[in-house]
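Keep in mind that the numbers below use all heavy atoms, side chains included, and drop hydrogens, waters and symmetry copies. One-based numbering, in listed order, for ligands and for the atoms of each. All of these numbers come straight from a predicted model, not from anything done at the bench.
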Amino acid sequence: MTSTAPRTPHDPPVEPAAGSAAVTLTGVHKVYGTTRAVDGVSLTVERGEFFGLLGPNGAGKTTLVEIMEGQRRADSGTVAVLGESPWPRNTALLPRLGVQTQTSSFFVRLTAREHLATMAALYRCDAAAAERALASVGLTEQGNTRVDDLSGGQRQRLAIASALVHDPELIFLDEPTAALDPQARRSLWQVLRDLKGAGRTIVYTTHHLDEAEALCDRVAIMVAGKVAALDSPGRLIAASSPTTRLLVPADRLSVERARAIPGVDRVTEEGGSVVLETLTSGPVLAAVDGIAGLQGVQTRTASLEDVYLALTGAQAPGQQPQAQPPA
Ligand SMILES: Nc1ncnc2c1ncn2[C@@H]1O[C@H](COP(=O)(O)OP(=O)(O)OP(=O)(O)O)[C@@H](O)[C@H]1O
């Protein structure tokens, strides 16, 4: 651990070694009593990457993030964050990290602008930094609103702005869209895309698979303390089931007729649709067109949720998950 004073935003930037990653974990373990919370995790988060951490409750995501943030000590393995070891608590590293948690606390009697100015002052940044952070999450108009009068979505934005105010090199976001309505969630996605567009490195924990698919460059899916899969959502999906599902309005195609179509592997009924599963969607679609026409027919290919469920859904007590080796 270095004993230097915390770096401030006024100090010259610390130049990373060429090609150095934002985070490098090698063989990281953490045990609580008999629980293997993190069980041999090795992964790299590249600079500028939007990296998703997914997994069911208790998979070890929080423990892993806390190890990266320097809040917990790994039992074994090596941890490098922005080229430094975060443990023992590394005060030189802290100003280079931005952390938003589920339990972000606020100065609730202050306005959003005053709250951020206070946060900025703690990091020895000026009021302009607070104003930039406010603008970057689209809260400028609410700047004079008291924190306890902000909506849930606006508070989540403020929590992100608080993590950004000192212009950190690496940002940890823990389910920032939890408890938001669909509209607020989508609108926060744009804030997150803008952060990514500005070249920020983001480690993003979420239970929303659609969000991870839409935002993340790569995702690690954790199951029982291990990384069960790690790749871009697109490649994970492409490597998963190549099955296409065709949903045909039930009043236009009977189950029996659907089963007789060459290339159809399975037929079920769902809501008002007959669902055809096939590996050869082109010829099957042509056959459906000949029988029922294509109006109202929907085509669904695999999503990240399907990949996730295949990896985590089979997990029963005492049963090993059907994990793929990490890419
Ligand atoms: N301080 C602790 N003491 C003992 N056990 C703990 C502690 N923190 C976490 N655990 C256990 O370690 C395992 C991993 O927990 P962790 O919180 O890291 O998972 P998670 O993936 O973040 O879960 P969630 O999605 O519910 O937040 C769980 O079995 C949990 O009960």
Just the distances, no angles: every ligand 1 N or O to protein N or O pair closer than 3.5 Å, one line each.
| unit_1 | atom_1 | unit_2 | atom_2 | d |
| --- | --- | --- | --- | --- |
| ligand 1 | 18 (O) | T63 | N | 3.0 |
| ligand 1 | 18 (O) | T63 | OG1 | 2.6 |
| ligand 1 | 19 (O) | G60 | N | 3.1 |
| ligand 1 | 21 (O) | A59 | N | 3.1 |
| ligand 1 | 21 (O) | G60 | N | 2.9 |
| ligand 1 | 21 (O) | K61 | N | 2.9 |
| ligand 1 | 21 (O) | K61 | NZ | 2.8 |
| ligand 1 | 22 (O) | T62 | N | 2.8 |
| ligand 1 | 22 (O) | T62 | OG1 | 2.4 |
| ligand 1 | 23 (O) | G58 | N | 2.8 |
| ligand 1 | 25 (O) | N57 | ND2 | 3.2 |
| ligand 1 | 25 (O) | K61 | NZ | 2.7 |
| ligand 1 | 25 (O) | H207 | NE2 | 3.2 |
| ligand 1 | 26 (O) | N57 | ND2 | 2.9 |

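- To the nearest 0.5 angstrom, T177 atom OG1 is 7.5 Å from Q156 atom CD.
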Please output the side-chain donor-acceptor pairs of residues 131-140 that fall under 3.5 Å, not counting sequence neighbours, one pair per line with the distance.
| unit_1 | atom_1 | unit_2 | atom_2 | d |
| --- | --- | --- | --- | --- |
| E131 | OE1 | R113 | NE | 2.9 |
| E131 | OE2 | R113 | NE | 3.3 |
| E131 | OE2 | R113 | NH2 | 3.0 |
| S136 | OG | A133 | O | 2.8 |

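- With sequence neighbours excluded, no residue satisfies ring pair (Phe, Tyr, Trp, His ring centres under 6.0 Å) with Y308.
- Inspection of the E213 and S303 side chains reveals no N or O donor paired with an N or O acceptor under 3.5 Å.
- No side-chain heavy atom of R157 sits less than 4.5 Å from a side-chain heavy atom of L150.
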Please tabulate, one pair per line, all N/O donor-acceptor pairs under 3.5 Å involving side-chain atoms of residues 261-276, not counting sequence neighbours.
| unit_1 | atom_1 | unit_2 | atom_2 | d |
| --- | --- | --- | --- | --- |
| R266 | NH1 | E277 | OE2 | 3.0 |
| E270 | OE2 | R245 | NH2 | 2.7 |

